[in-house]
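Heads up, the thing below is written out as structure tokens.
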Amino acid sequence: MPKITLPDGSSRQYDAPTTAAQVAADIGPGLAKAALGAKVDGQLCDLSTKLDRDCALALITPKSRDGQVDADALSMLRHSCAHIMAEAIQTLFPGTMLVYGPSLESGFYYDMAFPSGRIPSTDDFAAIESEMAKIIGENRPFTRSDLSLDDGLAKLNKEGSKFKIDNAQRAKEAGSSTLSWYATGTSGVNWEDLCRGPHVPSTGRIGAFKITSLASSYWKGDETLDRLTRVYGTAFATKPELEAHLKQLDEAKKRDHRMLGKQLRLFHIDEMVGQGLVLWTPRGAAIRQELQTFISEALRIQGYQQVFTPHIGKLDLYKTSGHFPFYRESQYPPIIDQDQMSKLAEEGCTCGELANRLDKGEIEGYLLKPMNCPHHIRIYASEPHSYRDLPVRLCEFGTVYRWEQSGEIGGLTRVRGFTQDDAHLFVREDQIAEELQGCLSLVKLIFGTLGMNDYRVRVGLRDPKSDKYVGDSANWDKAEEACRNAARSLGVPFSEEAGEAAFYGPKIDFIVRDVIGRSWQLGTVQVDYNLPIRFDLSYIGADNKEHRPVMIHRAPFGSMERFVGVLIEHFAGAFPLWLAPEQVRVLPISEKSEEYAQEVLAAIRKIGLRATIDSGNERVQARIRDASEAKIPYLAVVGPRDAQQRVVSVRAFGTDANLGELPFDQFIAGLSAEYRTRGGESLKASFHA
RNA sequence: GCCACCGUAGCUCAGUGGUAGAGCACACCCUUGGUAAGGGUGAGGUCGAGGGUUCAAUCCCCUUCGGUGGCUCCA
């Protein structure tokens, strides 16, 4: 006699076992029609799920009562759509083996293997979509059937798909006592797929869908296993929602830093120079320079000392640090001097031998530096230190080079040469907590000043199952605890993730998303007991004995390249005054005002702003439009009237009309204040007074 | 590195087995115009590179370089 409790607290008593669908129908025909699934005691399941005992039931509809899209409904819809796509592809591509087809935050995919070698291409999307439309048009029910583990496995073994057998094995290991199949239609008649569900009631419930892209993947994400084809798609309850989604993607594309970087001439990546090697053009360089100045001011306040170090170092240095052995696959190969090179050539040394002898240290070589820490460590080690001197905080905008995989490189976010706003703090153990606070405050300062609130914090810990970490576990425990405590003090939610530590220590990472939804690590703070040991660093303590310092590695921006890339997207290319590559543009109405315009320009430049004049042979309207497309914060329009009254007409980016006129001196003072305070004060405020 | 797709003027993109077009940008001329495109004229491309098929290749095939979306990796 199940008693069904609904989300509003009311309950319904049934004399016999019933289903979620039946309850929905009893509540009302509207709900019955809208319901896609159900949550029974918090567990998402089919509408057809049998309810034979007391439970809490929530019916899942595409939109909740407040009109919000229901994430569970969308997820069910998409997973069901993945099945429909799989059926369509198996129909069109006989022999296709299915692997795994989950829903995603913005769609779904299905991993498949094509033993025949005939793999669908983007040209096949239309055919697949029309096959899917057919299945949806037939509005066939999703029908679940359960088999015992043994029977189920026997069925799968007969079918012979190692992928599905593996899925079943994993279900078994996860404690499942049965295996379930979902048919689109009638079990045993229509197409079916091993799946734990749940699904929407019928294929017709997919309101709108689209196959979006094709990619390859590895079985279980392991590159040594089968290579699979992954077909991506998305689905919504209604067409307008799909269209809105596609439009949103389109809008996001316009913020893409690669697009804006080209349009606004912020940087250039040249195939003649090399993949992933960024050329900072004047406009982008201005942004980067402003960021560096900004953080440098904060660093001086915190007692950092600036250093400069070369771009290469001896191989031995990086063997000692561990970088060369740990990351040899992702480094530019060592540089060997001419004499050694010719000697090796005479000996007939092969590439294989060369690599071997480099490893063994028989050949001297230099490495393009993959990290700044070894150089900073050698600066620390170059003189004795007293406990009174600590912490020693050495900072440098240090450029490093890494041989990233070619397929991973793109824009500014993943490159082969980049500059870290790096620093290494050599501290006593009792100073760790306080110094970590200082590091985190820098990251907060940056995010706060730039208005970037959409980030997450990850504490990267070692993976207990891996042996890639150096040092003893007691120190690791201390370092991890220090990171955890520091992260807690941030007052922001954070996740602890095993396996995300660096090989020498745990870290706190700040992660943001780009317009396409990809996550990127920006700022990072790392606690390291191990490099000081590897380099035998010391300081003299109050007891007149040698002690081991602890290192903190930190880069609040992370990589200047990546940070600027993300920043371009954050501001959609419309930078605030202090960061804008071109801060003010002066527009003389005509040649008659040229002289006054030049005077205005000179005054703006004199207070240190980046300004230009556009005396082009165009009407003001056209020049305003050009400036607007270049996203220049302020325009100073000057004509004979302004010259006579010694005022400027001000126009700001993002406002439709001109703000009005300001006396020359007030304009200059307002600009200067907004610039110096990095937006704390605004020239625009002058117009509200 | 792997899979798929893409590469035509500075940029965005049409196009075709018979060696190419548009818009914007650029140059020059006219226009001296008060807040998101004034008008005209012109210049600009060995169709990413190399090889092959063909009487003929920008177009078809192979290789290579570069880009995009994923996968894997990321100190």
Side-chain angles (χ1 to χ4, degrees), chain A residues 109 111 114 119-125 212-225 227-232 253 256 258-259 262-263 265 269-276 318 321-324 326-327 329-331 369-374 400 402-411 413-415 420 422 460 468 500-505 507 509 516 518 520-521 524 526 528 531 553 555 559 562 587-594 615 617-629 635-642 649-651 653 655-661:
Chain A
Y109 68 78
D111 276 345
F114 293 88
I119 294 168
S121 80
T122 46
D123 295 337
D124 298 310
F125 284 5
T212 50
S213 66
L214 209 55
S216 89
S217 63
Y218 301 109
W219 190 27
K220 302 184 196 178
D222 184 337
E223 62 181 322
T224 63
L225 299 179
R227 240 186 308 286
L228 307 171
T229 299
R230 177 171 295 183
V231 188
Y232 282 88
K253 249 187 229 162
D256 190 313
R258 292 164 298 193
M259 211 73 83
K262 208 177 271 182
Q263 264 169 38
R265 294 154 54 221
I269 295 169
D270 193 292
E271 48 175 293
M272 264 185 116
V273 175
Q275 234 190 336
Y318 300 102
S321 71
H323 291 109
F324 182 66
F326 275 89
Y327 295 104
E329 298 308 314
S330 48
Q331 279 162 8
K369 74 175 169 188
M371 274 298 255
N372 299 305
C373 22
V400 298
R402 299 178 185 173
W403 187 262
E404 303 287 0
Q405 297 185 77
S406 62
E408 224 2 291
I409 292 173
T413 39
R414 193 76 183 267
V415 293
Q420 296 175 310
D422 211 354
K468 76 166 192 175
E500 293 295 334
F503 72 86
Y504 48 74
K507 52 182 187 156
D509 290 328
I516 312 181
R518 293 182 291 203
W520 300 101
Q521 175 194 312
T524 182
Q526 311 170 354
D528 174 14
L531 290 185
H553 308 235
S559 134
R562 177 177 291 177
L587 300 184
I589 295 286
S590 74
E591 281 167 18
K592 291 173 193 146
S593 316
E594 180 71 15
S615 312
N617 191 14
E618 291 288 343
R619 292 168 62 202
V620 207
Q621 286 89 323
R623 285 178 285 149
I624 284 173
R625 182 173 189 273
D626 290 346
S628 180
E629 291 198 330
L635 301 185
V637 182
V638 294
R641 284 204 314 260
D642 306 275
S649 297
V650 183
R651 194 180 164 109
F653 178 80
T655 53
D656 289 338
N658 67 325
L659 292 170
E661 291 163 7

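Small disclaimer: the values here were computed from a predicted structure and weren't measured. Here is the naming used below: chain letters follow the sequence lines, and residue numbers restart at 1 for every chain.
- Rounded to whole Å, the C1' atom of B:rU19 lies 13 Å from the corresponding atom of B:rU8.
- Rounded to a whole Å, the CD atom of A:Q420 is 8 Å from the C1' atom of B:rA75.
- When Watson-Crick and G-U wobble pairs are counted only if both distances are under 3.5 Å, B:rG7 pairs with B:rC65.
- Residue contacts shown for A:F503 are absent, as no nucleic acid heavy atom lies under 4.0 Å away.
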Pair A:S649, A:D642 - check side-chain hydrogen bond (donor to acceptor under 3.5 Å, both in side chains), show working.
CA-CA 7 Å; A:S649 297; A:D642 306 275; 3.1 Å; yes

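- Pairing for B:rC2 goes to B:rG70, judged as Watson-Crick or G-U wobble with the two contacts each under 3.5 Å.
- Rounded to whole Å, the C1' atom of B:rC47 lies 8 Å from the corresponding atom of B:rA20.
- Taking atom P on both nucleotides, B:rA22 is separated from B:rA37 by 24 Å, rounded to a whole Å.
- Considering every non-hydrogen atom in both A:L214 and A:P120, the closest pair reads CD2-O, 3.1 Å.
- In terms of heavy atoms, A:M371 sits closest to A:Y504 at CE-OH, 3.5 Å.
- To the nearest angstrom, P of B:rG48 lies 19 Å from CD of A:Q275.
- Listed for the A:R562 side chain is a donor-acceptor partner under 3.5 Å among the backbone atoms of A:Q521.
- Two rings, from A:Y327 and A:F503, have their centers less than 6.0 Å apart.
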Interface polar pairs with nucleotides 68-71 of chain B, N/O, under 3.5 angstrom:
| residue | atom | partner | partner atom | Å |
| --- | --- | --- | --- | --- |
| B:rU68 | OP1 | A:R258 | NH1 | 3.3 |
| B:rU68 | O3' | A:R258 | NH1 | 3.4 |
| B:rG69 | OP1 | A:R258 | NH1 | 3.1 |
| B:rG69 | OP1 | A:R258 | NH2 | 2.6 |
| B:rG69 | OP1 | A:R518 | NH2 | 3.3 |
| B:rG69 | OP2 | A:R258 | NH1 | 3.0 |
| B:rG69 | N2 | A:L214 | O | 3.2 |
| B:rG70 | OP2 | A:R518 | NH1 | 3.2 |
| B:rG70 | O3' | A:Y232 | OH | 3.2 |
| B:rG70 | O2' | A:Y232 | OH | 3.0 |
| B:rG70 | N2 | A:S216 | O | 3.3 |
| B:rG70 | N2 | A:S216 | OG | 2.6 |
| B:rC71 | O4' | A:S216 | O | 3.0 |
| B:rC71 | O2' | A:Y218 | N | 3.2 |

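- In this structure, A:D256 pairs ionically with A:R258, as a charged nitrogen and a carboxylate oxygen lie closer than 4.0 Å.
- Rounded to a whole angstrom, the distance from the P atom of B:rG52 to that of B:rA57 is 11 Å.
- Taking atom P in both B:rC59 and B:rG69, the straight-line distance is 26 Å, to the nearest Å.
- Atoms CD (A:Q521) and P (B:rC73) sit 15 Å apart, rounded to a whole Å.
- Comparing the P positions of B:rA9 and B:rA14 gives an interatomic distance of 12 Å, to the nearest angstrom.
- Following rounding to the nearest Å, A:K468 (NZ) and B:rA75 (P) show an atom-to-atom distance of 6 Å.
- Distance, A:E500 CD to B:rC73 C1': 11 Å, rounded to whole Å.
- Annotation: B:rA75 and B:rU12 have their C1' atoms spaced 39 Å apart (nearest Å).
- Following rounding to the nearest Å, A:F114 (CZ) and B:rA4 (P) show an atom-to-atom distance of 12 Å.
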Tell me, with the steps shown, if A:S593 and A:E591 meet side-chain hydrogen bond (donor to acceptor under 3.5 Å, both in side chains).
CA-CA 5 Å; A:S593 316; A:E591 281 167 18; over 6 Å; no

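- The existence of a salt bridge linking A:R623 and A:E618 is excluded, since no basic side-chain nitrogen approaches an acidic carboxylate oxygen closer than 4.0 Å.
- The minimum heavy-atom distance linking A:D422 with A:N372 is given by the pair OD2-ND2, 2.9 Å.
- Judged by distance alone with a 3.5 Å cut-off, a donor-acceptor contact links the side chain of A:S330 to the base of B:rA75.
- In this structure, A:L225 atom CG and B:rC3 atom P are separated by 16 Å, rounded to whole Å.
- Put simply, the side chain of A:T212 gets close to the backbone of A:Y232: a donor and an acceptor are under 3.5 Å apart.
- Using Watson-Crick or G-U wobble geometry with both donor-acceptor distances under 3.5 Å, B:rC55 finds its partner in B:rG18.
- Separating the CG atom of A:D270 from the P atom of B:rC65 is a distance of 17 Å, rounded to the nearest angstrom.
- The heavy-atom pair separating A:H323 from A:P370 by the smallest distance is CB-CG, 4.3 Å.
- The partner of B:rG42 is B:rC26, by the rule that a Watson-Crick or G-U pair needs both atom distances under 3.5 Å.
- At a threshold of 4.0 angstrom between heavy atoms, the contacts of A:Y504 are confined to the sugar-phosphate backbone, with no base atom among them.
- Residue-to-nucleotide proximity on RNA chain B shows that, of A:R227 and A:C373, the 5′-proximal contact is made by A:R227.
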Are there any protein N/O atoms within less than 3.5 Å of an N/O atom in nucleotides 5-13 of chain B, and if so, which ones and at what distance?
| residue | atom | partner | partner atom | Å |
| --- | --- | --- | --- | --- |
| B:rU12 | OP1 | A:K262 | NZ | 3.4 |

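- A heavy-atom distance below 4.5 Å is found between the side chains of A:L587 and A:I624.
- Taking 4.5 Å as the limit, every side-chain heavy atom of A:T229 sits out of range of all side-chain heavy atoms of A:D111.
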Test side-chain hydrogen bond (donor to acceptor under 3.5 Å, both in side chains) on A:S559 and A:Q420; report intermediate values, then the result.
CA-CA 4 Å; A:S559 134; A:Q420 296 175 310; over 6 Å; no

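- Nucleotides B:rA43 and B:rA4 have their P atoms positioned 44 Å apart, rounded to a whole Å.
- Within 4.0 Å (heavy atoms only), A:E223 reaches sugar-phosphate atoms of the nucleic acid but no base atom.
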With sugar-phosphate taken as primed atoms, P, OP1 and OP2 and all else as base, the protein-contact string of nucleotides 27-38 of chain B at under 4.0 Å (heavy atoms; B, S, -) is ---BBBBBBBBB

